[in-house]
Undergrad: 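The structure follows.
Quick caveat: nothing in here was measured; it's all calculated off a predicted structure. In what follows, every heavy atom counts, from backbone to side chain, and hydrogens, waters and symmetry copies are set aside.
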Amino acid sequence: NKTFSSDITYSLNNGQLIRTQDSQNKVLATDVKDLTFDNHPVGLSGILKIYIKTERVTLGGLDLSAQFSIYIKLRN
């Protein structure tokens with residue numbers, strides 16, 4: 001017997017990456033500038049690609065940024 005949780009939604013709102021489940025919000029990251037979900041990238045059937053880019057300027061004026069992609073194998 002498999003038990004599944006309720007739907008989970010991820011969104012970007014004012015630079016915050018937010019996870020919502022059962023009307024409960026949780027901030028997962030701040031300073032997020034881009035969030036992209038790509039279902040079935042070219043040549044990768046059954047894979048979800050998530051791209052995240054963050055940017056922040058430090059108090060000293062230094063620009064910091066990071067970007068990365070995550071690949072997730074879909075099930076069920």
Undergrad: Heavy-atom count around N39 CG within 6.0 Å, excluding the residue itself: above 12?
TA: yes
Undergrad: Below 4.5 Å, heavy atoms only, C-beta onward: do I8 and R19 meet side chain to side chain?
TA: yes
Undergrad: Ignoring hydrogens, what is the shortest heavy-atom contact between L35 and S11? Give both atom names and the distance.
TA: CD2-C, 4.2 Å
Undergrad: Taking the side chain as every heavy atom from C-beta outward, state whether I47 and K73 have any atom pair closer than 4.5 Å.
TA: yes
Undergrad: I need the minimum non-hydrogen distance between D7 and Q21, along with the two atoms involved.
TA: O-CG, 3.6 Å
Undergrad: Within the structure provided, determine whether T9 and I18 are in side-chain contact (heavy-atom separation under 4.5 Å).
TA: no
Undergrad: Under a 4.5 Å cut-off applied to non-hydrogen side-chain atoms, are D38 and Y51 in contact?
TA: no
Undergrad: Please round to the nearest 0.5 Å and tell me the distance separating atom NZ of K26 and atom CD of Q16.
TA: 13.5 Å
Undergrad: Please examine the side chains of Y10 and L28, heavy atoms only from C-beta on, and report whether any two atoms are closer than 4.5 Å.
TA: yes
Undergrad: Give the cluster check for I70 versus L48: same hydrophobic cluster or not, with ILVMFWY residues linked at side-chain heavy-atom distances below 4.5 Å.
TA: yes
Undergrad: Is there a path of hydrophobic side-chain contacts, each under 4.5 Å between heavy atoms of I, L, V, M, F, W or Y residues, that connects F37 with F68?
TA: yes
Undergrad: At what distance, to the nearest 0.5 angstrom, does CG of L64 lie from OG1 of T58?
TA: 5.5 Å
Undergrad: When rounded to the nearest 0.5 angstrom, what is the spacing between CG in L12 and CG in D34?
TA: 8.0 Å
